[in-house]
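Contents: one structure, followed by commentary.
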Amino acid sequence: MALSWNEIKDRALKFSIEWADETKERAEKDSFWNDFFNVFGISRRRVATFEEPVKKLSGNQGFIDLFWKGTLLVEHKSKGRNLDKAYTQATDYFPGLKDHELPKYILVSDFDRIKLFDLDERTEHEFPVSELYKNVKLFGFIAGYQKRTFQEEDPVNIKAAELMGKLHDQLEEYGYEGHDLEVYLVRLLFILFADDTSIFEKDTFKEFVDQKTNEDGSNLGALMAQFFQVLNTPREKRFKNLDEHLNAFPYVNGKLFEEVLPIASFNSNMRSVLLEASGLDWGKISPAIFGSLFQSVMNPEERRNLGAHYTSEKNIFKLIKPLFLDELRAEFDKVKSSTKKLQEFHQKLSTLKFLDPACGSGNFLIITYRELRLLEIDILRELFKKGEQVLDISSILWLDVDQFYGIEYDEFASKIAEVAMWLIDHQMNMLISEEFGQYFARLPLKKSATIVHGNSLRIDWEEVVPKTELKYIIGNPPFIGHQWRTKEQMQDMDLVFGKNSKTKRLDYVAAWFYKAAQYIQDSSISVALVATNSICQGEQVPILWNTLFNDFDINIHFGHQTFKWTNEAKGNAGVHVIIVGFGSFQPTEKILYEYDNVKSEAYSRKVDNVNGYLAAGPNVFITSRGKPIHNYPPLFKGSQPTDGGNLILNEQEKEEMIMANPASKDWIKSFLGGAEFLRNKKRFCLWLKNCPPATLKQMPLVLERLKLVAEARLKSPTRSVNEAARFPSLFTQDRQPETDYLCLSEVSSENREYIPIGFLDKDVICSNTLQIIPTANIFMFGALMSKMHITWAKYTAGRLESRIRYTPSVYNNYPWPKDPSDKNKLKVEQKAQKVLDARALFPDSSLADLYDPLTMPPALVKAHQELDKAVDLCYRPQAFVNENSRIEFLFDLYNQYTAPLLSSKKQKS
């Protein structure tokens with residue numbers, strides 16, 4: 001067990017006095033360094049050797065004065081010699097060392113002065129030997145104390161996971177796989193961490209592998225099996241003749257080493273990888289980040305993009321701060337001046353329990369526990385700020401890992417989560433040890449987080465943790481769109497929602513929201529979950545949130561509007577998400593976190609209510625509507641061929657057909673789908689409506705295609721398509737207007753500031769991937785090309801991946817301006833024409849080019865800005881400051897428009 005800092009300082013002072021008059025390099029050098037290590041309670045013989053032979057870069061044989069492999073290289077000189085030259089001499093040994101032997105520190109001395117170089121941090125400290133007692137904390141790496149700074153991008157996290165990946169692959173190649181391999185790797189994770197962070201004496205495991213195992217790795221597997229057994233055995237129950245090196249390891253417990261595993265087979269390369277891994281500074285590893293990296297070790301595809309999938313702490317804070325951390329910090333500031341209230345607050349913290357019902361490798365639980373422990377340290381600083389001595393640190397530490405619960409489908413991830421909670425606990429114990437100058441570690445392990453391996457949607461959460469004991473539910477459930485669910489996941493949805501056809505349209509993540517809402521009934525539990533933004537957009541809102549609000553009386557306490565969930569790792573993965581905090585009670589305040597764009601920082605504001613669209617305003621639900629709520633022409637899909645591709649022609653096929661059958665020229669028309677409309681691509685179709693039979697007989701190539709159309713339709717499983725085989729010359733669904741019309745793509749990029757809309761000639765045939773509005777006028781074009789309309793679509797349209805999926809329901813529910821004046825309508829028409837004129841300046845550019853945010857011409861941008869102002873004036877004289885003010889206004893207006901419709905329905909019923 002590590003010495004307290006007070007004891008170390010006392011020993012350092014005695015050391016300085018004893019060695020005050022020594023001057024010769026050789027006479028007492030060995031004794032000097034033996035005594036130096038003893039200051040920190042470490043036996044030099046156990047960790048370091050004198051006169052280690054090594055070849056220098058020159059090829060000459062050299063001898064390192066004192067060498068602790070992978071940690072410290074010491075160069076000692078006679079009094080008065082140049083210490084910088086001693087440092088240069090020390091670095092000359094590096095070319096002769098293996099990677100895992102390279103030191104992290106160089107220490108030089110001449111008996112009178114000491115100079116320490118930290119090679120990782122690139123810092124150096126020099127002081128007289130007489131002042132060692134003032135500088136002992138620089139040597140925390142010897143004593144088992146070390147201040148750590150954890151950076152999300154510290155490469156040690158990636159490097160460590162890569163090395164574990166190499167071990168995984170080779171063990172698996174030798175036939176060590178499945179559950180046994182998972183447990184083996186998790187044990188190695190704990191051991192490597194323990195070897196660097198004072199759970200074990202510093203580097204004892206690395207030394208064990210280096211000194212006790214054969215270079216070819218032949219006995220490593222057997223010794224590791226014995227090592228696991230030792231860690232699972234209390235000291236008093238170990239064999240009396242046990243190897244002294246093995247007996248030095250503590251009893252771990254926690255059931256981590258309880259299961260007997262098959263003996264693994266190692267080779268020389270695997271042994272080298274293990275030594276290289278043990279040479280990393282595992283004390284720098286963040287359990288939250290490394291857990292996800294370590295989990296990806298098991299998946300070769302994920303490992304190729306290692307570092308892409310961990311959840312950044314910044315994003316985790318977006319959830320835990322508004323859920324509980326901000327409130328707890330505020331309470332601490334309020335009570336810290338009162339000892340009694342502070343103790344009561346400390347007691348309260350120790351009773352808080354947290355559940356992550358899709359915990360993965362434990363990221364959310366780890367960060368939450370760390371932040372609570374940091375808060376506990378602040379409490380203890382206040383309680384003991386007058387310098388009172390604490391005889392037993394364990395008596396004042398009331399928070400522990402058993403306050404945390406998780407459910408995880410993947411067994412490997414669940415094991416990582418449990419171990420990672422012990423690792424973060426130990427890191428926090430080292431922090432408290434630093435604070436109070438007294439070493440504290442929880443060994444043997446007596447408590448653990450409760451991590452249940454199983455399907456969260458099929459487990460009764462009450463059996464994991466009774467809701468009477470729980471305070472918070474947190475997490476990041478799986479993001480899987482309804483169209484991508486597996487058969488098992490579809491069954492999960494049926495178990496949660498019942499066999500409801502509407503809920504089959506929900507994303508998989510919605511099941512966790514529903515199950516959490518059920519679980520927290522009649523409780524004060526608060527929930528915050530991350531989800532894909534689609535559950536708060538379009539058709540999913542009335543299906544999910546109508547149920548949560550009305551059946552479970554749920555209130556949204558806070559919400560983060562859409563932002564990009566990602567990290568800064570190379571090749572990082574990003575998805576557009578939201579965070580929703582909710583409960584079955586009314587909070588004291590409701591907060592909305594808004595973003596100017598998905599990559600920007602959030603700004604918060606207090607609101608009266610947060611609705612299912614994550615907007616401030618009443619709980620409205622935009623339901624599917626067959627007819628518009630206004631008096632404008634209807635919107636519907638274009639015509640559908642269902643022809644096996646035989647009525648559709650590319651440009652070459654069109655030319656070949658006209659050359660072979662000149663009569664076909666009058667029956668071939670331009671044919672636009674979404675891609676053709678947006679990107680100026682050319683495609684054509686046979687439009688044979690009203691074509692006389694005699695004319696068809698003159699076009700044998702056309703007849704061949706019609707035969708193929710009939711055959712394709714007969715093979716369809718749909719009865720109406722089978723019947724349409726009788727009329728192969730016609731589209732199965734003909735919705736082509738007889739007048740010019742407005743057209744917009746069914747799917748549009750979420751990055752565009754506007755949904756591209758255009759006028760088309762009646763002779764241009766629109767496919768079913770386009771939406772059309774017949775008899776539309778220039779005012780309608782202007783209104784639909786405005787910021788007001790795109791804002792409405794962003795909130796109420798469905799999504800195809802992250803792109804806007806525009807359906808008739810979006811249009812049918814759109815709150816058009818209420819009785820705009822003729823003056824304002826005229827202004828919209830004029831500004832809409834300017835938009836068309838600006839487009840016409842770029843005849844070779846497609847709509848996709850014109851509305852790409854990076855290539856949108858300034859003239860078109862300006863025209864749209866003027867049009868936006870004109871459309872805004874049709875709604876109200878005051879300007880709309882941002883998207884949020886627009887959607888709040890539109891929801892209120894929608895409520896006004898639909899209230900009479902709802903009341904009319906009730907009267908009829």
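Please read all numbers here as calculations on a predicted model, not as lab measurements.
Of the possible donor and acceptor atoms, none in the side chain of Glu883 sits under 3.5 Å from a partner among the backbone N and O of Thr791. With Gln537 contributing its side chain and Tyr795 its backbone, the two residues share no donor-acceptor pair below 3.5 Å. At distances below 3.5 Å, not a single donor-acceptor pair connects side-chain atoms of Thr368 with backbone N or O atoms of Leu365. Side-chain atoms of Asn555 never come within 3.5 Å of backbone atoms of His557 as a donor-acceptor pair (strictly under, hydrogens ignored). Glu539 places no side-chain N or O within 3.5 Å of a backbone atom of Arg505 that could act as its donor or acceptor partner. Using modelled atom types, no side-chain atom of Glu382 and backbone atom of Ile379 make a donor-acceptor pair closer than 3.5 Å. The backbone N or O of Tyr409 sits less than 3.5 Å from a side-chain atom of His453, completing a donor-acceptor pair. Counting only distance, with no hydrogens or angles, the side chain of Lys515 and the backbone of Ser456 share a donor-acceptor pair below 3.5 Å. Judged by distance alone, the side chain of Gln489 and the main-chain N or O of Thr486 form a donor-acceptor pair under 3.5 Å. Asp507 places no side-chain N or O within donor-acceptor distance of the main-chain N or O of Ala510, the cut-off being under 3.5 Å.
Annotation: cation-pi geometry not satisfied between Lys353 and Tyr472 (NZ/CZ under 6.0 angstrom from ring centroid, within 45° of ring axis).
Every residue two or more places apart in sequence or in another chain that forms a salt bridge (charged side-chain N to carboxylate O under 4.0 Å, His left out) with Lys348 is listed here: Glu331. In this structure Arg373 satisfies the side-chain hydrogen bond (donor to acceptor under 3.5 Å, both in side chains) test together with Tyr369, Glu376, Asp425, Asn429, sequence neighbours excluded. Listed by chain and residue number, Ser624, Thr807, Asn813 satisfy the side-chain contact (heavy atoms from CB on, under 4.5 Å) test with Ser809 (two or more places apart in sequence, or in another chain). Residues forming a salt bridge (charged side-chain N to carboxylate O under 4.0 Å, His left out) with Lys467 (at least two apart in sequence, or on another chain): none. Every residue two or more places apart in sequence or in another chain was checked for a side-chain hydrogen bond (donor to acceptor under 3.5 Å, both in side chains) with Asp402, and none qualifies.
Using a 4.5 Å heavy-atom cutoff, the side chains of Val541 and Asn611 are not in contact. The shortest distance between side-chain heavy atoms of Ile473 and Pro357 falls below 4.5 Å. Annotation: side chain of Asn751 is not in contact with side chain of Tyr851 (no heavy-atom distance under 4.5 Å). Two residues are said to be in side-chain contact when any heavy atoms from C-beta on lie closer than 4.5 Å; Val527 and Ile520 meet this criterion. For the pair Leu375 and Phe345, the minimum side-chain heavy-atom distance is below 4.5 Å. At least one side-chain heavy atom of Val530 sits under 4.5 Å from a side-chain heavy atom of Leu319. A 4.5 Å side-chain heavy-atom check between Asp356 and Tyr405 finds every atom pair outside the cut-off. Inter-residue side-chain proximity for Val186 and Phe412 is flagged as met; some heavy-atom pair is nearer than 4.5 Å.
Within the structure, the side chain to side chain donor-acceptor pair (under 3.5 Å) test picks out no pair touching residues 521-531 (sequence neighbours left out).
Remark: Leu325 CG to Leu372 CG distance equals 7.0 Å, nearest 0.5 Å.
With ring centers used as reference points, Tyr613 lies under 6.0 Å from Phe891. Aromatic pair His789/Tyr754: ring centres not closer than 6.0 Å. Trp461 and Tyr519 have their aromatic ring centers within a separation under 6.0 angstrom. Between Phe880 and Phe889, the ring center distance clears the sub-6.0 Å criterion.
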- Message: For Asn476 and Val509: C-alpha separation, side-chain torsions, deciding distance, then whether side chain to side chain contact (heavy atoms under 4.5 Å, CB included) applies.
- Response: CA-CA 9 Å; Asn476 181 13; Val509 69; over 6 Å; no
- Go through Gln561 and Ile578 one step at a time and tell me if the side chain to side chain contact (heavy atoms under 4.5 Å, CB included) criterion holds. CA-CA 5 Å; Gln561 293 180 341; Ile578 53 171; 5.6 Å; no
- Task: Output, in order, the C-alpha distance, side-chain angles, deciding distance and verdict of side chain to side chain contact (heavy atoms under 4.5 Å, CB included) for Leu280 and Lys159.
- Result: CA-CA 8 Å; Leu280 292 176; Lys159 180 66 175 174; 3.7 Å; yes
- Message: Let's go through Leu349 and Trp398 carefully: what are the C-alpha distance in whole Å and the side-chain angles of both, what is the deciding distance for side chain to side chain contact (heavy atoms under 4.5 Å, CB included) to 0.1 Å, and is it a yes or a no?
- Response: CA-CA 8 Å; Leu349 288 189; Trp398 296 350; over 6 Å; no
- Item | Worked check of salt bridge (charged side-chain N to carboxylate O under 4.0 Å, His left out) between Asp378 and Lys336 | CA-CA 9 Å; Asp378 287 342; Lys336 66 182 180 182; over 6 Å; no
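In summary, the side chains of Asp868 and Ser786 do not present any donor paired with an acceptor at a separation below 3.5 Å, with no hydrogens or angles considered. The closest side-chain donor-acceptor pair between Asp553 and Ser584, if any, does not fall under 3.5 angstrom. Judged by distance alone, the side chains of Tyr595 and Asn884 never bring a donor and an acceptor atom under 3.5 Å apart.
Leu548 approaches Ala517 most closely through the heavy-atom pair CD2-CB, 3.7 Å. Glu418 and Ser448 get closest at one heavy-atom pair: OE2-OG, 3.6 Å.
Residues Arg329 and Asp326 are not paired through a salt bridge, judged by the lack of any N-O separation under 4.0 Å between the basic side chain and the carboxylate. Ion pairing between a basic and an acidic side chain is recognised when a charged N comes within 4.0 Å of a carboxylate O; Asp492 and Arg458 show such pairing. Salt-bridge formation is not detected for the pair Lys321/Glu371: no Lys NZ or Arg NE/NH1/NH2 atom is positioned less than 4.0 Å from an Asp or Glu carboxylate oxygen. Taking the charged nitrogens against the carboxylate oxygens, Glu589 and Arg605 have no contact shorter than 4.0 Å, which rules out a salt bridge.
Note: Trp792 and Tyr894 have tilted aromatic rings, judged against thresholds of 30 and 60 degrees for the angle between ring planes. In this pair, His560 and Phe558 present their aromatic rings perpendicular. The plane angle is above 60°, beyond the 30 to 60° band.
Only one option out of Phe364, Trp422, Phe354 pairs with Phe404 in a ring-ring contact (aromatic ring centres under 6.0 Å, His included); it is Phe354.
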